[in-house]
Amino acid sequence: MPNISKTADAARLEEAAAIILSGGLVAMPTETVYGLAADATNDVATAKIFEAKGRPQFNPLIIHVSGKEMAARYAEFSSVADALADAFWPGALTLVLPRRADSGLSHLVSAGLDTIAIRAPAHPIARRLIDALDRPLAAPSANRSGAISPTSAADVAQSLGGNIDFIIDGGPCEIGLESTIVKIEEGEVLLLRPGGVPREDIELVIDAPLQKLSDKKIQAPGMMKSHYAPNVSVYLDVLSPPSDHAFLDFAKSNLDHRHRLDLSPDGILLEAAANLFASLRSLDQICTDNDLDGISVAPIPHDGLGEAINDRLRRAAAPRD
Ligand code: TXA
Ligand code: MG
């Protein structure tokens, strides 16, 4: 098992920074989900991420930096990119931008693409780690490829424990959903993955509708159809869950069900997002313990963070490869 630090005092952070400098892997808390961090300029270190996650090599990683100034060492910023970084960084927005020829980043992090995905996380521990190293950190969500993203240090230990050197425990993630990813291409802003920053907030800043990914051919994100998958099958928009299913409820739609968890009894999407992955994990365990056949999920509204929540649920419910 890795060394799990319960506190993020200076000595522990120094230890984590030293591990990253020597090419190791550290799981760090961010405000979205826990990330599995490595030095993004080190090929071997980034390769270890793919190995630890069992991730297909074609799936590129997000680079974590302290802010726009540091990001500009690695990516080309257009005026739209500038405006988005000013509005949402530090925070849950990832920008896909042209990669600078002199970036010095490992080519593994962009999986051979000429773009990179980059964001400045808001979590103080992630920020202190980046500041201590003054290096870009490549960090995908710290789970096995295709599984549910971790929102606590215990989730990371359970999913990847044996494969990583150090886990910094920063408590539960405040947002609980991955960052929103947008790609800026010829002045247009494309939504690649809905996430912690709602579409509406981005549209206010760019003063235009976000373009849909659907008709553009992009080898993108957690764009693999089956993703975030629990062990049992998941069924969506269920009003009357069968008794041999666990039930993921929203806003108390069916209080009678026996194995029921409510994402937000008061119907608050922010709370539902924060609880989503942990609830899927718990229900998956409940299914195993009680020999249940699947997880039924109540309908969730699509506005605001609902878009990202529904996106993750659709992937969790998608047919498995
Ligand atoms: O909130 C988050 O974004 C978390 C925390 C740790 O920062 N990270 C995260 O990383 O969700 P990951 O690797 O699980 O998802 C990153 C997604 C992947 O689906 C990948 O395909 C996409 O970003 N991506 C990375 N680079 C890209 C690029 N150059 N073009 C398009 N998509 C890219
Ligand atoms: Mg992920």
Side-chain angles (χ1 to χ4, degrees), residues 25-38 40 46 49-50 52-65 74-76 88-100 103 105-123 125-127 129-130 136-151 155-156 159-160 168 170 173-185 190-197 213 216-229 273-274 276-277 308 311-312 315-316:
L25 301 182
V26 169
M28 66 171 179
T30 84
E31 75 281 22
T32 58
V33 299
Y34 274 71
L36 181 57
T46 11
I49 293 181
F50 290 93
K53 282 183 62 88
R55 166 174 276 205
Q57 293 281 335
F58 51 76
N59 210 2
L61 308 171
I62 296 175
I63 311 297
H64 296 68
V65 293
Y74 311 108
E76 310 274 3
F88 297 107
W89 283 3
L93 181 69
T94 295
L95 302 175
V96 174
L97 301 172
R99 175 187 165 115
R100 277 180 60 151
S103 73
L105 294 172
S106 156
H107 280 283
L108 266 183
V109 302
S110 37
L113 301 172
D114 53 9
T115 53
I116 57 166
I118 197 159
R119 84 175 182 104
H123 197 292
I125 294 178
R127 300 189 63 74
L129 194 57
I130 294 165
L137 298 182
S141 51
N143 52 276
R144 281 198 70 76
S145 183
I148 301 172
S149 293
T151 53
D155 291 348
V156 178
S159 193
L160 289 179
I168 309 174
C173 299
E174 200 179 327
I175 297 180
L177 270 184
E178 300 88 342
S179 59
T180 302
I181 305 181
V182 297
K183 180 172 190 185
I184 299 163
E185 203 174 52
L190 295 169
L191 179 63
L192 298 191
R193 177 177 77 182
V197 175
L213 166 72
K216 302 253 172 184
K217 202 176 129 250
I218 289 181
Q219 59 294 52
M223 288 299 136
M224 283 185 294
K225 258 203 159 149
S226 167
H227 203 79
Y228 311 104
L276 179 65
F277 292 138
D311 171 79
R312 303 303 186 274
R315 287 174 209 286

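For the single chain, residues carry numbers from 1 onward in sequence order. Reckoned from all heavy atoms, side chains included, excluding hydrogens, waters and symmetry mates. As the structure lists them, so they are numbered: ligands from 1, and atoms in each ligand from 1.
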Under 3.5 Å, side chain of Arg315 to main-chain N/O of Gly146, donor-acceptor pair present?
no

Determine yes or no for a side-chain-to-main-chain donor-acceptor pair under 3.5 angstrom, with Arg127 supplying the side chain and Pro121 the backbone.
yes

Using only atom types and a distance under 3.5 Å, with no angle test, would you say the side chain of Thr94 pairs donor to acceptor with the backbone of Ala117?
no

Numbering the atoms of ligand 1 from 1, which are under 4.0 Å from a heavy atom of His64?
5 (C), 6 (C), 7 (O)

Test your reading of the structure: does Ser141 have an N or O sitting under 3.5 Å from an N or O of ligand 1?
yes

With a cut-off of 2.8 Å, does Ser141 put an N/O/S atom close enough to the Mg ion (ligand 2)?
yes

Is Arg119 in contact with ligand 1, taking contact as a heavy-atom separation below 4.0 Å?
yes

To the nearest 0.5 angstrom, please state how far the CE atom of Met28 sits from the CD1 atom of Ile168.
8.0 Å

Can you list the ligand 1 atoms lying under 4.0 Å from a non-hydrogen atom of Leu61?
25 (C), 26 (N)

Given Arg119 and Thr32, is the side-chain hydrogen bond (donor to acceptor under 3.5 Å, both in side chains) satisfied, shown in steps?
CA-CA 12 Å; Arg119 84 175 182 104; Thr32 58; 3.1 Å; yes

Which of the numbered atoms in ligand 1 are under 4.0 angstrom from any heavy atom belonging to Asn59?
18 (C), 19 (O), 20 (C), 21 (O)

Contacting atoms of ligand 1, where contact means under 4.0 angstrom from a heavy atom of Arg193:
2 (C), 3 (O), 9 (C), 11 (O), 15 (O), 16 (C), 17 (C)

May I ask you to identify, for Thr115, whether its side chain, its backbone, both or neither come under 4.0 Å of ligand 1 on a heavy-atom basis?
both

Using only atom types and a distance under 3.5 Å, with no angle test, would you say the side chain of Arg99 pairs donor to acceptor with the backbone of Leu113?
no

Proximity to ligand 1 by part of Ala139, non-hydrogen separation under 4.0 Å:
backbone

Using a strict 4.0 Å cut-off to heavy atoms of Leu192, name the atoms of ligand 1 that fall inside it.
31 (C), 32 (N)

Contact atoms of ligand 1, heavy-atom distance to Thr32 under 4.0 Å
1 (O), 2 (C), 4 (C), 5 (C)

Evaluate side-chain hydrogen bond (donor to acceptor under 3.5 Å, both in side chains) for Ser141 paired with Glu178, printing each intermediate quantity in order.
CA-CA 8 Å; Ser141 51; Glu178 300 88 342; 4.8 Å; no

Do any N or O atoms from the side chain of Thr180 and from the backbone of Gly195 form a donor-acceptor pair under 3.5 angstrom?
yes

Is the closest heavy-atom distance from Ser110 to ligand 1 below 4.0 Å?
no

